[in-house]
Amino acid sequence: MDIKAYIALSVALFTIGVIGVLIRRNAIIIFMCVELMLNAVNLLLVAFSKMHALSNVAKASATFASDAQIFVFFIMVVAAAEVSVGLAIIVMMYRNVHTIDVNFLNRLKN
Amino acid sequence: MQALTNKAKQVSRKPMNFMEKMYLPAIFKGMMITFSHIFKKKPTINYPEKQRPFSPVFRGLQILNRDEEGRENCTACGLCAVACPAEAITMEGAERLPGEEHLYKEEKYAAKYEINMLRCIFCGLCEEACPKDAIYLSETFTPADYQRKQFIYSKNDLLIPHPKENPEEYQKALGNRPQKATSN
Amino acid sequence: MLTNEIIQQKLTDKFGDSLTDWQVPFGMLTFTAPKEINLKVLQFLFDEPELKFNFLTDLQAVHYPDNKGAELAVVYHLHNWVDNIRIRFKVFTDINQPDVYSATALYQSANFMERETYDFYGVNFVGHPNLIRILNVDEMDYFPMRKEFPLEDQTRIDKDDDMFGR
Amino acid sequence: MSRPVQFNNTIKFEGIPEGYMGEGFMATNFEKVVSLARKNSIWPLPFATSCCGIEFMATMASHYDLARFGSERVGFSPRQCDLLMVMGTISKKMGPVLKQVYIQMAEPRWVIAVGACASSGGIFDTYSVLQGIDQVIPVDVYVPGCPPRPEAILDGFMKIQELVNAEGLRRRHSDQYKALMNSYGIQ
Amino acid sequence: MLLTVDLALLLEKLILVIVVVFTSLGIAMYTTFAERKVAAILQDRRGPNRAGPFGLLQPLADGMKLFFKEEIIPNFSSKFLFILGPALAMLTACMTSAVIPWGDKVELFGRTISLQIADVNIGVLYVFGVVSLGVYGIMIGAWASNNKFSLMGGLRAASQIISYELAMGISLIALLMITGTLSLKEMVVQQQHGYWNIVLQPLGFLIFLVCAFAECNRTPFDLPEAENELIGGYHTEYSSMKLGFYLFSEYINMFVSSVVMATLFFGGYDVPWFDESTLAPNIAAIIGVTALMIKVVAFIFLFMWVRWTIPRFRYDQLMHLGWRILIPLALFNMLATGGVILYFNK
Amino acid sequence: MSEHILLPEGSIEKQTTTLNLGPTHPATHGVFQNILELDGERIMKATSTVGYIHRAFEKIAERRALYQITPLTDRLNYCSSPINNMGWHLTCEKLLQVETPKRVDYLRIIIMELARISDHLICNSIVGVDSGAYSGFLYVMQFRELIYEIYEEVCGSRLTTNIGRIGGFERNFTNAAFEKLEKFLDDKTGYPAQLREFENLFTRNRIFMERTIGCGPITGERAMNYGFTGPNLRAAGVDYDVRVHSPYSSYQEFDFTVPVGTTGDCYDRFLVRNQEMWQSLSIIKQAYQKVQAFKGADAEIYHADVPAYYLPEKKDVYTKMEALIYHFKIIMGETEMPVGEVYNSVEGANGELGYYLISDGGRTPYRLHFRRPCFIYYQAYPELTQGGMLSDAVITMSSLNLIAGELDA
Amino acid sequence: MNITTIIFILLSVMALGSAIMMITSKSPVHSVLWLIIVFFAISGHYILLNAQFLAIVNIIVYAGAIMVLFLFVVMLMNLNAETEPIKNYRLQLVGVVSGCSLLLIIIMALNRLDVENVVEMKVGDGGLIKVLGMTLFKNYVLPFEISSVLFLSAMIGAVVIGKKDMIADKK
């Protein structure tokens, strides 16, 4: 499989995520779009790691091919942490102002 | 609150000890209790095949009594209808005509005697009110049925079988208890 | 030891002649108060350290249609648990203006009982937090326990009323 | 002490009413199997308001054990139940609720009126009590008694089983049934 | 590469899949019956005995009745999701059985057939993943019902399953440290030659058992469908076979988690103090499957026994148990296991 | 930003969901409606609606003769109808000034305490069922059947007993009844053993304790103000018991204690009811001993000798004119009714069950009011559940032992 | 066109389609469900790339935990299509256009890039647990530990934020 296919797929997913962030006002959906973007990156990382899997460098080091996947793990860790905090914030916001509209939340700083 | 009587006794409400806090011992104990019930005799009565014995004074479906010669005891005095809290009894009296002495014991008789079994609450007050040994609540529970109109039990449905004409059925209705002059 | 006489004495000391109709049927002290001071009497009975009638056993109304001008009687049963003595007192009101002060501020338990009384007799308890029908449907437009209303369901068809001497 | 008369053996009983025998009763073998299955798996919805509910508890309990008929899965969600057991007084305030529950039930559904109050109002011939639930919903079996003994409830239950067994798959689509529903204002 | 798959192997696996799925369905059906009978026996009753001899046809009657019951899809609810809910619940319940080693192997028509649909090297994780998806069936159904009781049931289910999955996972890690493999088959083989894992991991097993109860929504963790509080919980609005799916999936889950527990901690198809290798493989397989089934039946009985004995938790106590007791305990178990392993490997 | 955003209506306030518990919710065990305002699982506010089985008892009672009201009282608290019956008879006896013989008193106490057991037994096992444990319920129900068998031997009915008459019982207790009573009281196979087992199953089980401790608590003062009586009040620490305060039916001769709790939560209510069952068992044993002490002709006494109010024997009615006249008079309700008003109360299973009877000398009461304990303490339900969880509300409801029939009259 | 390519295309279409559905569906619940399908597609890709462990972890973490949380929150707030705030049409259009231009720019940039490497599928042991574990606990121990601290702080943060009483106290 051509690496370009993976790049194209990931970029497309990423863009969809960006568009989602731009066109939606629901904080939860925006959050989910961010998750989608992270996943697009994850996919690309794994693809790249596989691209290098049979290269000479990879053969020399036992862990070279897995590095990218480890990276994915860390991204997942960050995503999970982010989700837990983010959702807590959203729930709290909702409790207090009874809306999840980001445009509205935006005004709260005044 | 101050104590109002000298009979008060505090219920035991001691805090949980360590074993109880562990959940498991109590759960295990409970499970042992339920397990022991596996080996217990089951009290279930297979109803349609077997029937639980009713008490001899059970208040079930009413029955209109006849005397030994098959004459109806009821004299249409209406006390049962008055006593009935559910107003389930409908009765019309009629004068006994000459020649009907073999049918009715008293000078008056109930030409129409209906009990609406759906209304009836089987409180036994009709039996208690009857001064003529005429109405009794039997040990038969009233069967269920499909339509409302089935539940108006007329005199024919309530009368005990004729002791002369239908002695077998009559004996069945009398039951297997030793007969004696009874009160109340 | 609290006795009926002491209670009567204390009440007459406090309220004078406005409390009338003292009776002791079956050992329970009974009296009548004007409806304007029912709360005052209740409060006095509740607060007075020797009386301490702080349990409202029961509250209901009775309808006396012949008693013109005071058709409805609201009856309170109070109980002193410490000395174990009960009293009963009544308040009469006109059926056309059945306003009686509510005892809910004193006894939480009066809440449902007053609502029930309102539901049955239409006694209007002034100061009740939520005086609406409790047992009957909200749409009901009469007060069913008043003597003039019949008991039976008027739509019942399977009964012949001639049968019964009622 | 005991009475001179013990039993009433002139019990009145009539079979399944005419209405159920009409169209849809030409049961094929398959329909018979389905009816048999339904008969043995009637999940009751106890609409217990008063005394009869307590006797229903006894019916469920060890001595009588309704479970023997495959009916111990008592559900409280009307969607899941087949048999609406109305036990106890239904007041005029409760009537609409009862009707609502009946409407929410999924076909095929049966109704059994347990006890005097549910069947006819019993002793409560008063301004606030519905004189029989058949004023709001169709009833299949009436069980007299106040409250009926558990035996009587089981008897009523077996009557329902007979009814279920005799009913084909098509009765619920028949015009007759629709007319019955319409007469209660249920679509 | 996929095209080069041996056709006979494919056929063999297909048959195995069908057999396993239908066996699970059949067992689930009869588990419902067993539940009623066990409940009856524990409660001094008789239980269903009218449908067929000893009431054996009861589940068939129930199934048939549910099948011919009217479908009600409440107004204002998403029709697709309403149907998807029970389907998902059923699907995820059935999927787990794919990696379970039901027995060693049989020889048929000259072929050696492994009694496992797929021996994936991440078997335990697969089970774990599928189980974690099981909650979607409940949540989607609860959401689509558009009923507050259902919604509450769904919410309870979600938070309960997420919380208990953690403790379950951590207790599994301790086990994995001992076995050193994620493949269920290998675990069974290891236990055949050594001790059952229950001996090495009693605490881990206990935690796993409790979590299994929670994941199956069984008493004392049956909050999502608590009859007396939420009427039917997430399946309040379901009628007919969709309800049947939910009920079935609960019993399949129970069956599968019994199998998983038997495999992980009780040697799977291993018969203790008995060397199967001396027997002909087919007979050994039959004995193995029987042994597994006996263990499973014991577990299912335990599930029921507990259900009919103890009260259920309250929502906050459930969370308390999960987060403040089970997870620390599981962590402790993991650390202790690690320490012991390190100590012996030195 | 093009559009102007306003705060949604009422949004800053707490957002709550409204949940409609009842009238057909399984936890209500009858018919009340509770509209709960929930924040998550926590109850912010509860509103109760009652009256779903209002049957107009008091109105009916105004059209019925005294003896016809007994079947009505059956249907008040149908879990313990004999207590209601007895209470009604005691009220009538107070009005008519009938003295009952001692043996009648003791027999009444046996029946009343049996009724109390059967009521508490249901209530406590239902608490178990509502907390999720079903088996205990079915175990104790077997023993309730035994109680029902005793009733059936005495009066011929199981639940709505219509037991007793003004002045005594309608018939003497048979040997079968006493045998069944002995079977019930047997320490090894009878109810005491079962009660011990039931306690083992629940009282010290942590899950159950956690579910009930601190659930729906009420202080003694609040309980008193809310008009609590009976086990629910005693659970709150107030030892008010009609049997002790104003003994009726010779209760003063019996040795028993009044179990009280401290916090008035569900656990206390559960314990108090359990203890009361033990006390009732002891009372029954004492009463049974006293009854057995009557020998010969004394053992045939089962009613007061008041021909004006107690129906004459049937065989006399058939033969003697005088008996027939009394019979007619009593049945038609044409007995001499004193004018007056009387309040009498008994310790019902739920609390002080009062009867306020106004007689104008007619054949029916002019006014009869039932003080129904359930009805009065149910109004505390919103306060009891506030701040608790949904599950607490369910358990509180069942541990209050709300009987719809008594509540709605 | 071998079977791998077919699967690749299928999975890609599934991922993209579901992603688009996710951002366009009205009801948040539907969005969540579509996103779950996206994650499944991505997991499929991982399996295709022989990263089985990653695939299953992706399902467990994303589909099994994170999305359940999302669904939980959506259900808790009882959000549905009616309560959904709608951006005005023009702003949405602007968003879509700018997103598409981003896509264009990246693709243009990538076109300049000259990579012809091929991704090796279904081979390599880089995705096996053993290898991953070795890498993780040998080369990346420190980040691993730090991430655990991150988790802990996130957990504490979530609890602190979620605690109701603190807000109530402040009020």
Side-chain angles (χ1 to χ4, degrees), chain D residues 30-46 57-83 101-110 154 157-158 161-162 164-165 167-173 177 181, chain E residues 32-33 35-52 54-75 82 145 147 149-150 153 225-244 246-247:
Chain D
F30 177 67
E31 285 194 4
K32 266 185 194 154
V33 171
V34 173
S35 297
L36 207 62
R38 281 177 173 175
K39 173 188 161 185
N40 282 301
S41 164
I42 297 176
W43 292 357
L45 170 79
M57 278 186 197
T59 317
M60 294 291 295
S62 313
H63 274 78
Y64 295 95
D65 194 17
L66 195 60
R68 291 178 293 127
F69 302 91
S71 305
E72 81 272 46
R73 195 196 176 282
V74 174
F76 288 94
S77 163
R79 307 255 185 238
Q80 304 169 357
C81 298
D82 312 291
L83 174 64
V101 167
Y102 181 74
I103 290 171
Q104 283 177 349
M105 286 176 75
E107 295 278 13
R109 54 193 166 184
W110 293 275
L154 286 179
F157 189 82
M158 287 188 301
Q161 280 193 325
E162 269 171 44
V164 173
N165 200 19
E167 181 185 319
L169 280 174
R170 272 166 290 176
R171 182 197 156 214
R172 301 280 158 174
H173 303 292
Y177 184 70
M181 285 294 123
Chain E
T32 62
F33 177 64
E35 169 104 277
R36 296 163 84 161
K37 270 291 191 196
V38 167
I41 292 170
L42 288 176
Q43 295 167 345
D44 301 345
R45 295 188 284 126
R46 301 254 165 171
N49 64 359
R50 305 261 144 180
F54 305 108
L56 277 174
L57 298 178
Q58 187 64 46
L60 293 178
D62 281 337
M64 181 91 83
K65 181 208 76 175
L66 283 174
F67 207 81
F68 283 96
K69 205 149 164 60
E70 185 195 18
E71 305 258 339
I72 291 185
I73 295 174
N75 301 337
F82 193 75
S145 297
N147 176 317
F149 287 111
S150 303
E225 45 185 326
E227 179 118 277
N228 310 82
E229 293 160 25
L230 300 182
I231 304 176
Y234 57 87
H235 58 63
T236 305
E237 289 284 338
Y238 280 91
S239 65
S240 77
M241 211 52 204
K242 295 199 287 301
L243 168 71
Y246 269 131
L247 299 181

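To find a chain, count down the sequence lines: A is the first, B the second, and so on, and within it residues start at 1.
- In this structure, the separation between CD on D/Gln80 and NE2 on E/His235 is 5.5 Å, given to the nearest 0.5 Å.
- When atom types are taken as modelled, the side chain of D/Gln104 and the backbone of E/Glu237 share no donor-acceptor pair closer than 3.5 angstrom.
- Side chain of E/Lys65 to main chain of D/Lys39: no donor-acceptor pair is present (N/O by atom type, distance under 3.5 Å, no hydrogens or angles).
- When atom types are taken as modelled, the side chain of E/Glu70 and the backbone of D/Arg109 share no donor-acceptor pair closer than 3.5 angstrom.
- When each of D/Ala106, D/Ser77, D/Pro108 is scored by its heavy-atom pairs under 4.5 Å with chain E, the top score falls to D/Ala106.
- With a 4.5 Å cut-off on non-hydrogen atoms, E/Leu57 does not touch chain D at all.
- Looking only at distances, no side-chain donor or acceptor of E/Ser239 sits under 3.5 Å from a matching main-chain atom of D/Met105.
- When the side-chain contact (heavy atoms from CB on, under 4.5 Å) test is applied to E/Val38, the partners found at least two apart in sequence or on another chain are E/Leu42, E/Phe301, E/Met304.
- Judged by distance alone, with hydrogens and angles left aside, the side-chain atoms of D/Arg38 form a donor-acceptor pair with the main-chain N or O of E/Phe68 at under 3.5 Å.
- Atom CZ of residue D/Arg73 and atom OG1 of residue E/Thr32 lie 11.0 Å apart, to the nearest 0.5 angstrom.
- Annotation: maximal heavy-atom pairing with chain D below 4.5 Å, among E/Met64, E/Gln58, E/Glu71, occurs at E/Gln58.
- Between the side chain of D/Arg68 and the main chain of E/Arg46, no donor-acceptor pair closer than 3.5 Å is present.
- Atoms CZ and NZ, from D/Arg79 and E/Lys242 in turn, are 10.0 Å apart once rounded to the nearest 0.5 Å.
- Note that CG of D/Asp65 is 8.0 Å distant from CG of E/Asn49, once rounded to the nearest 0.5 Å.
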